[in-house]
Visitor: 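Shown below is the structure under consideration.
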Amino acid sequence: MVVILKNNATDDQIDNVKKHLEDYGFQIHESRGVQKTILGAIGVQPDFDTRKIRILDGVAEVYRVTAPYKLAGRDFKSDNSIIKIKDVEIGGNEIVLMSGPCSIESEEQIFKLAEIVSRSGSKILRGGAFKPRTSPYSFQGMGEEGLKLMRAAADQYGLLVITEVMQISELDVIGKYADIYQLGARNMQNFALLKELGNVKIPVMIKRGLAATIEELLMSAEYVLANGNSDVILCERGIRTFEKYTRNTFDLSAIPVIHKRSHLPIIADPSHATGIRDQVPPMARAAVAAGADGLMIEIHHDPEHAMSDGPQALLPEVFIELVKELRTIAQAIHRNL
Ligand code: PEP
Ligand code: MN
């Protein structure tokens, strides 16, 4: 931590800041210029609340130089984490596609879409059975019945299953059918659920919260890692900004930032990020170019009648064409898809 004192800080104020730093267990490195005094506080305390120093008289700025996360950071593990699930690797050279409907709606729907997912070359079938809807009057998902249908459809086409878990009480039932738990954006800081996801043996994909910083996303990952589950995948799905022409603002730069700071794989979700069908392919192409380890894309054969998120679902033929383009982009950056 670096503490910069005000130009007019008195000797007494500087001594008081130093005493506090020592009491908090830091070693001090002092640099006194003609005008500015800068204190380097040495000692790794990832959870230290820098406000304790910022409020002291004479302090101008306090900067943290070590990240508050440990296990999620590159300092802890310099190689990329590769999450292996059956014959699929997430975080390796291959870019992994997770596609399917927003919600599982019927046997006919999920089997039809699983066939398209498989034909496209995607390895993972997505679909929600327990849905986090903004309105309590909207379709809430098919529950376990939907999970059974999705598992059967995925098995028929040799796909893995990713599906959202919203609360601790759903973990067991979803765990019977899912290969990856999806923790939704609205639950990114549900710390009780994050802790429980640390105790399971199933990989977890954490979606970035609507108003979460990248650091907060990494801290959510830290909860799962610290509780014992090292199979964590991150997902950028857009954040809330002042922009109204898109559902959310797709923070593409989160992809290289996360790659630099963390060894965990990062998936991009251009469907929830933009919310409008015709904006999904350009952003999907951009995400591959930006280095995403995979994409989550919603598709539907009859989006007009979809129970949720129809306007952002790609039609099957558009999706199949998109995957071909993505393959070309992947090749250009020496990755497989
Ligand atoms: C979803 O994947 O269907 C979903 C609800 O996503 P998010 O949590 O990103 O809104
Ligand atoms: Mn959706």
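Atoms within each ligand, like the ligands themselves, are counted from 1 in listed order. Values below: every heavy atom of this structure, side chains too, minus hydrogens, waters and symmetry copies. What you see is a predicted model, and the numbers here were worked out from it, not measured in a lab.
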Visitor: Are Leu217 and Ile239 connected into the same hydrophobic cluster when the rule is that any two of I, L, V, M, F, W, Y join if their side-chain heavy atoms are below 4.5 Å apart?
Guide: no

Visitor: Heavy-atom contacts with Gln182 under 4.0 Å: which atoms of ligand 1 show up? List them by number with element.
Guide: 1 (C), 2 (O)

Visitor: Output the distance between atom OG (Ser271) and atom CZ (Arg237), rounded to the nearest 0.5 Å.
Guide: 11.0 Å

Visitor: Do side-chain atoms of Asn187 reach the backbone of Asn190 as a donor and acceptor pair under 3.5 angstrom?
Guide: no

Visitor: Less than 4.0 angstrom from a charged side-chain N to a carboxylate O is my criterion; do Glu325 and Arg285 meet it?
Guide: yes

Visitor: Is there a polar contact, in the sense of an N or O pair closer than 3.5 Å, between Arg126 and ligand 1?
Guide: yes

Visitor: Would you call Lys19 and Asp23 a salt bridge, taking side-chain N to carboxylate O under 4.0 Å as the test?
Guide: yes

Visitor: Could you tell me whether a side-chain N or O of Glu30 sits under 3.5 Å from a main-chain N or O of Leu39, the two making a donor and an acceptor?
Guide: no

Visitor: To check your reading of the model: name the closest protein heavy atom to atom 4 (C) of ligand 1, its residue, and the distance in Å.
Guide: His272 NE2, 3.4 Å

Visitor: With a 4.0 Å cut-off on heavy atoms, is Arg208 touching ligand 1?
Guide: no

Visitor: Could you tell me whether the side chain of Arg74 and the main chain of His259 form a donor-acceptor pair under 3.5 Å?
Guide: yes

Visitor: Checking a contact table here: which protein heavy atom is nearest atom 6 (O) of ligand 1, and how many Å away?
Guide: Lys207 NZ, 2.9 Å

Visitor: For Cys102, take its heavy atoms, then give the atoms of ligand 1 lying under 4.0 Å from any of them.
Guide: 3 (O)

Visitor: If you check every N/O/S atom of Asp309, which is the one nearest the Mn ion (ligand 2)?
Guide: OD2

Visitor: Which of the numbered atoms in ligand 1 are under 4.0 angstrom from any heavy atom belonging to Gly184?
Guide: 8 (O)

Visitor: Hey, is the main chain of Gly209 close enough, under 3.5 Å, to the side chain of Glu216 for a donor-acceptor pair?
Guide: no

Visitor: In ligand 1, which numbered atoms sit nearer than 4.0 Å to a non-hydrogen atom of Arg237?
Guide: 7 (P), 9 (O), 10 (O)

Visitor: Looking at Gln45 and Tyr24, would you say the former's side chain and the latter's main chain have a donor-acceptor pair under 3.5 Å?
Guide: yes

Visitor: Of all the N, O or S atoms in Glu298, which has the shortest distance to the Mn ion (ligand 2)?
Guide: OE2

Visitor: So for ligand 1, is Ala185 a polar contact partner (N or O within less than 3.5 Å, distance only)?
Guide: yes

Visitor: Would Asp309 count as a polar contact of ligand 1, with the cut-off being nitrogen or oxygen pairs under 3.5 Å?
Guide: no

Visitor: Can an N or O of Glu164 be found at a distance shorter than 3.5 Å from an N or O of ligand 1?
Guide: no

